[in-house]
Amino acid sequence: MDNISQYKPIKQYLKERILDVLVEFEITDVIPKIEVPSDIDNGDFSTNIAMVSAKRLNKKPLELAVQIADTLTGKKLKYINSVSAVAPGFINFYLNFDWLYELIDYVLSAGIDSFSKLNLGDNKTVQIEFVSANPTGPLHVGNGWWAAYGDSLARLLVRCGYNVSKEYYVNDTGGQIRTLGESILASKNKTEPPNNGYKGGYIDDLAEQYSGGDDVNEVGKWAADIILKEIKETLLKMHVEYDSWYSQNYIEQGGAVEETLNELTQKGLIYQKEGATYLASEQLGDTRDRVLIKSNGDITYTCGDIAYHRDKFKRRGFDKVIDVFGADHHGQIASLKSAMKALDVDPSNLEIQIGQMLSLVGGKMSKRAGNFVKLDDLLDEIGVDAARLMSLMTSIDQATVLDIDLIKSTSMENPVYYLQYAYARICSIQQKATEENFGLPKIDDINLKLLVDQREISLLKVISEFEDVMVDAADSRRPHKITAWARQVAAAFHSFYHDCRVLDTNEIELSTARLALVEATKISLAVALEILGVTLLEHM
RNA sequence: GCCCCUGUAGCUCAGCAGGAUAGAGCAACUGACUUCUAAUCAGUGUGUCGCAGGUUCGAAUCCUGCCGGGGGCACCA
């Protein structure tokens, strides 16, 4: 494990060396930014520090860059072949390959369990709530989109040292359950469905199965139970497992609403108007005051939602809560945040990730209109891996138009095969290596310096980026950045595979070094695919 | 009217805590399998980064305005 503790990412190393020099120039309040130049001619890494601080020192950027570069050169630092300053003031670092060989050493020592296992979260408890679709119909592909997002975000945060709990909030009470019951009865009795009722084949199927009485609430509950069971099965098929299924009914009946109302009343934030009970939320940042109890005595959804979120923080004690909502629920943010403030919960611990809407080429998806593509059907057609990866290719900020026919055709399936194929090729090499007795000796006995091919170096450089990508993806809550990296490493590996024969009995030493590189690739790719929830295939 | 996203190649989208010549996949066209899997690789072409200003040594990226697209603005959930 020595190698793990000794290992220092190259960017950090360069940053520290630059900081050392900056002190000599009496620059102390700037953190140098280290970048990989887009053009390799500009070095392996570069920094803009001279341009950023030139003005303050009353110097020309290039002049300062030259001075810093010369100072760095004078120190004859490890890894660094040369440092040069170039207009308009970049300082470029040209490195030898030692840092890449140390990277292999590090990745192999850490292994799949420890490599890129970060501690950004400090073991804080985070709850991620996602999908939470009403049990009034089967999940559609839009629900699946966010299921993949929420689940991969959870996996990512776990890897980054958070203690994560995944939750599905089941809206098993209220008007929509009633409407569901009415819709089923209408289908059974061949009468007109209610306004805003649910249509679609599943309603008729349920009506056929139903044999009980005519109480709409009873019918609705009966149907919701069946639908929820199907939802759970579909999510399992998508490899999404929840830690808890929390019931709205429980929130409303189990004392949470009462406690919440009491607390708000004590704080003097409740008032009556026109027979309804209001929360004075506008003064706390909401766009208007909210009705908590309707004039007919029913609890509003907002009221239940506030109690639910209070429950998350105050009863269950999560440090942080991340809700994944569709853009159509954007309006809830101000209400929830202001309500948390009212309840003395720091609103910044309630993070709401808004996913932009998904639509089909033919139009929007709506359960009420009976116009949607079932997630279940999509999973059957293209498989869980393609479905998940497809959802994790783009940012959730991007409203996406799905062409279902295109997805079903082979073209959109390629990205997932591309990743899985890279992994399968790795396994294939390793299996052959075992069969032909290419042992992988201890890391210290491998001559990694034989890895000098451009393909090998490129592959290593991609692997070296992984931890930065993890941090970025986790901090920004954007797991699709992992997808982008995975595609890069797969591309680099495929190119390497094509140009560099790994197993060659005439070049045992080189083969051994390449096997180490292959293993490092395997470890990093496996971590990425595990986060994305894409199955690792040893054969294809 | 107000609020949240968004406008990048023919299509779908990356890139956006500012950085050097704007990328990938798909689609089109060329080449490469007696080899560890060709579900692969190598190559060819494509852009007023919606428009106009501003900040900056430097803007697809930040700010302002305008135009276009999506989603909200309930005693629905």
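None of the values given here were measured: they were computed from a predicted structure. Protein chains get the first letters and strands the later ones, always in sequence-line order, with residue 1 at the start of each.
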field: Minimum heavy-atom distance between Pro37(A) and Asp44(A), given as atom pair plus value
entry: CD-O, 3.5 Å
- prompt: Does OP1 or OP2 of rA14(B) have a side-chain N or O of Gln398(A) closer than 4.0 Å?
  reply: yes
- prompt: Looking only at side-chain N and O atoms, does Arg288(A) come under 4.0 Å of OP1 or OP2 in rG72(B)?
  reply: no
Polar pair under 3.5 Å, donor/acceptor by atom type, side chain Ser295(A), base rC75(B): yes
task: Report yes if a side-chain nitrogen or oxygen of His480(A) is closer than 4.0 Å to either non-bridging phosphate oxygen (OP1 or OP2) of rA24(B); otherwise report no.
output: no
RNA chain B stem ranges, 3 or more consecutive Watson-Crick or G-U pairs under 3.5 angstrom: B:1-7 with B:67-73, B:10-13 with B:23-26, B:28-32 with B:40-44, B:50-54 with B:62-66
- request: Go through the side-chain N and O atoms of Asp323(A) and His309(A) and say whether any donor and acceptor fall under 3.5 Å apart.
  value: yes
message: Determine whether a donor-acceptor pair (one donor, one acceptor, N or O, separation below 3.5 Å) exists between the side chain of Asn196(A) and the base of rA77(B).
response: no
task: Verify the contact: side-chain N or O of Ser495(A) to OP1 or OP2 of rA42(B), cut-off strictly under 4.0 Å; return yes or no.
output: yes
- request: For Thr277(A) and Gln272(A), test the side chains for any donor-to-acceptor distance below 3.5 angstrom and give the result as yes or no.
  value: yes
- prompt: Under 4.0 Å between a side-chain N/O of Arg478(A) and OP1 or OP2 of rA14(B), yes or no?
  reply: no
- prompt: For Met51(A) and rA20(B), what is the distance between atoms CE and P respectively, to the nearest whole Å?
  reply: 10 Å
- line: To the nearest angstrom, the CD-C1' distance between Gln356(A) and rG71(B) comes to 6 Å
query: If we take the P atom in both rC49(B) and rG7(B), what is their distance in whole Å?
result: 14 Å
message: At less than 3.5 Å, do the side-chain atoms of Ser46(A) and the base atoms of rA20(B) form a donor-acceptor pair?
response: yes
field: Under 4.0 angstrom between Tyr418(A) side-chain N/O and rC41(B) OP1 or OP2
entry: yes
task: Would you kindly say whether Tyr246(A) and Asp311(A) are connected by a side-chain donor-acceptor distance under 3.5 Å?
output: yes
- line: CG (Leu180(A)) and CD1 (Ile203(A)) are apart, to the nearest 0.5 Å, by 5.0 Å
message: Tell me whether the side-chain N/O atoms of Lys294(A) come closer than 4.0 Å to OP1 or OP2 in rC75(B).
response: no
- request: Decide, for rC33(B), between syn and anti: a glycosidic angle within 90° of 0 counts as syn, anything else as anti.
  value: syn
- prompt: Any chance the side chains of Asp385(A) and Gln420(A) put a donor and an acceptor closer than 3.5 Å?
  reply: yes
Polar side-chain contact Asp328(A)-rG71(B) base: donor and acceptor under 3.5 Å: no
Centroid separation Phe130(A) to Trp146(A) less than 6.0 Å: no
